[in-house]
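Written below as structure tokens is the structure these notes are about.
Convention: sequence-line order gives letters A, B, ...; per-chain numbering from 1.
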Amino acid sequence: MKSELRRTHHCGELSTAQIGETVTLCGWVHTRRDHGGLIFVDLWDKEGLTQVVLNPQIDQLAHQNAQSLRGNYVISVRGQVRARPEGMVNPKLNTGQIEVYIDDLHILNTSKTPPFSGWEDQEVSEALRLRYRYLDLRSEQLQKNLKQRYRISKVARNVLDRHGFTEVETPMLTKSTPEGARDYLVPSRVNPQKFYALPQSPQLFKQILMVAGLDRYFQIVKCFRDEDLRQDRQPEFTQIDVELSFADEATIFRLVEEMMAEIYQEVLGITLETPFPVIRYQDAIDRFGSDKPDLRFGMEIVDLGDVVQGTNFKVFAEVLASGGQVRALNVKNSAEALSRKMLDDLTEIARTYGAKGMAWIKIQKDELQSPITKFFEKEMLDRLIDRMGGEVGDTIVFIADTPKVVADALAHLRLALGHQLKRVDTSQHRLAWITDFPLLEYDEEAGRYAAMHHPFTAPAGDDLGKMTSDPGALTARAYDLVLNGNEIAGGSIRIHQRDVQNRMFELLGIGAEEADEKFGFLLEALEFGAPPHGGIAFGLDRIAMLLAGADSIRDVIAFPKTQKATCLMTQAPSTVDLKQLRELKLKFDLS
RNA sequence: GGGGUCGUAGUUCAGUUGGUUAGAACGCUGGCCUGUCACGCCAGAGGUCGCGAGUUCGAGUCUCGUCGGCCCCGCCA
């Protein structure tokens, strides 16, 4: 190996302990300060910065070479570590006690002036950052995020390994199946007119691995869903995918709690309390309006249906008459903070989720300030405020609508208020299980039931009779793990008996023939001694995002896509040669 | 599919009721400088105002369209 590449230390680990030693450092020129006689270079690598000094009295040639150095040049330097002179210590640098006097300098590569520097705090548009992702990834924050993400998956792997899990890879080129998200399709050259689909998750394969007797499987794996992007959604994302045989919810919960606790301990040094609280789906909806409640603050929803029964206020009366709900939040001690403008903005939020409006009452010292109190008798108002626990200074916000709109609107109002009024304790990490989901939800558009989780989720109670008599009332053995209002994992106990699975497909309006065509391999596998099994899948990107305190999932993915699912660095997706299309026997419909 | 928001030197931004040669800071280039660390001082270069139409004597500014980034609704079993 060339001597200039025989790196002895990283930039960032040198301290007074190495004083007197001759060291070799490799890295990028972060800043260069040329004093004519003396040249200072801050040398950067992933571990930090070291100031190196080029003094013509130490080495004439090195000093001369250093004059051509520019920002981002890649260099190797050799020299002696010395204590900085009196008063020249830089407390802002970890290595600020020392500097290295260079006697040998090699320019390993030059660099164009970059459009921006990852090392500076300056705000740069996200488009430019994505185009030059390799520059952005030099930033301390992104380097930290990627390293932390790696540690999360490493701890997860360790915990699962300790519990007898085997990591098994499953196909990326697989079969398109109905239900769920839109598939990414891959044409097959040797089978013209036929397509693979990239997996939305390894769901069916992991169940079949249970039939195969693997007993405990996991995989840290990319999944693909061709749906619109969000702050926390990318078209390709990573799951920690887990499946166990001969296990029930309790086994899985304890395993996951151990894993999450260990991740928090190892990565953030935070001790989590286990077991995590369990909230039933319907309770979560009633209390928070959401199946992924943020438990870092209170402000729970209160039902007022019985209190306002018989009111003259037409809006409430009509909603109740048509089977709707009237529910409200008591925003404690907010009457002063909530301006008219803020209430208008909150009303807009409520409208986003389908509400026609948002009523409110401010409880002032001597009066109730509100656009709606004039419609109420005093006695009803007293009962209403009593039910809400209303005190002077509180604001009560109401939504009256269908149960779904009431829940959605109040859930988002609660979050907006929680953040705007700083009621969310952001130092907390509140995890909870959400259980007892409905098995099915009615799809108005399709005019049939659809699986709320997925079609392989076992119904609670093993009640086959009920599956036909009242499918809407069935509960699923499904569970989500929620962290600070984010769904970070979801899973279920699966159906392991062919006849139950058949019944499930019937309920979903999938005929025997279609089921056989799409899922025949699974149905068949269930007939060959499928053990009871269940599992869970974690969204690694989201966990990494939350633990990093990042605003977007993009900040924990090395090469993320834009909202239009493009990669600004590679320019993917792109057109392809006609030749490639011909080989695939594909042609565009130009109509 | 829909709503919102942003787009002006390499970068971040300013740019008045539509009016002369579109500015600043940082960065960049050259020169000077032996204790700087956001080095300093002097000089300089750098613009398809995202793109395309339109209105106007005249458009960075107004109108329409379009492209792109971000946030949201729908969608995401």
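- Nearest-nucleotide positions on RNA chain B for A:Thr566 and A:Glu120 put A:Glu120 closer to the 5' end.
- Within the 4.0 Å cut-off from OP1 or OP2 of B:C72, at least one side-chain nitrogen or oxygen of A:Gln231 is found.
- Side chain A:Arg131 to base B:G68: no donor-acceptor pair is found below 3.5 Å.
- Between the CZ atom of A:Arg129 and the P atom of B:C70 there is a distance of 11 Å, rounded to whole Å.
- Aromatic ring centroids of A:Phe224 and A:Phe237 lie 6.0 Å or more apart.
- OP1 or OP2 of B:C71 lies within a sub-4.0 Å distance of a side-chain N or O belonging to A:Gln563.
- Contact annotation for A:Met88: base contact, defined as any heavy-atom pair under 4.0 Å involving a base atom.
- Note on A:Phe40: a base of the nucleic acid sits closer than 4.0 angstrom, heavy atoms only.
- In this structure, A:Pro85 reaches the bases: a heavy-atom distance under 4.0 Å links it to at least one base atom across the strands shown.
- For B:A59 and B:A53, the P atoms lie 13 Å apart once the distance is rounded to whole Å.
- In A:Arg32, the CZ atom is crowded: over 12 heavy atoms of neighbouring residues, nucleotides or ligands sit closer than 6.0 Å.
- At the heavy-atom level, A:Tyr101 lies under 4.0 Å from base atoms of the strands shown.
- Heavy-atom distances to RNA chain B give each of A:Thr31 and A:Leu128 a nearest nucleotide, and the one nearer the 5′ end belongs to A:Leu128.
- Across all strands, A:Ala451 comes closer than 4.0 Å only to sugar-phosphate atoms, never to a base (heavy-atom distances).
- B:G54 and B:C71 have their C1' atoms separated by 31 Å, given to the nearest Å.
- For the pair A:Lys564 and B:G69, the criterion of a side-chain N or O lying under 4.0 Å from OP1 or OP2 is not met.
- Stacking annotation: A:His35 is stacked on the base of B:C39 (ring centroids less than 5.5 angstrom apart, interplanar angle below 30 degrees).
- Taking atom C1' in both B:G19 and B:A38, one finds a spacing of 40 Å when rounded to whole Å.
- Contact annotation for A:Leu508: no contact, since no heavy-atom pair falls under 4.0 Å across all strands.
- A sub-4.0 Å separation between OP1 or OP2 of B:C71 and a side-chain N or O of A:Arg554 is present.
- Note on A:Thr352: every side-chain N or O is 4.0 Å or more away from OP1 and OP2 of B:C72.
- Regarding contacts with the backbone of B:G74, every side-chain N or O of A:Arg230 stays at 4.0 angstrom or more from both OP1 and OP2.
- The phosphate of B:U29 (OP1 or OP2) has a side-chain N or O of A:Arg70 nearer than 4.0 angstrom.
- Using P as the reference atom, B:A24 and B:A9 are 15 Å apart when rounded to the nearest Å.
- One can place CD1 of A:Ile39 at 12 Å from P of B:G31, the figure rounded to the nearest angstrom.
- A:Arg33 has a side-chain polar atom (N or O) that falls below the 4.0 Å cut-off from OP1 or OP2 of B:C39.
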Q: Kindly indicate, with the supporting measurements, whether the criterion side-chain contact (heavy atoms from CB on, under 4.5 Å) is fulfilled by A:Val53 and A:Val100.
A: CA-CA 6 Å; A:Val53 187; A:Val100 182; over 6 Å; no

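- Counting any heavy atom pair closer than 4.0 Å across all strands shown, A:Ser201 reaches a base atom.
- Cation-pi geometry between A:Arg82 and A:Tyr101 is met: under 6.0 angstrom from the ring centre, within 45 degrees of the axis.
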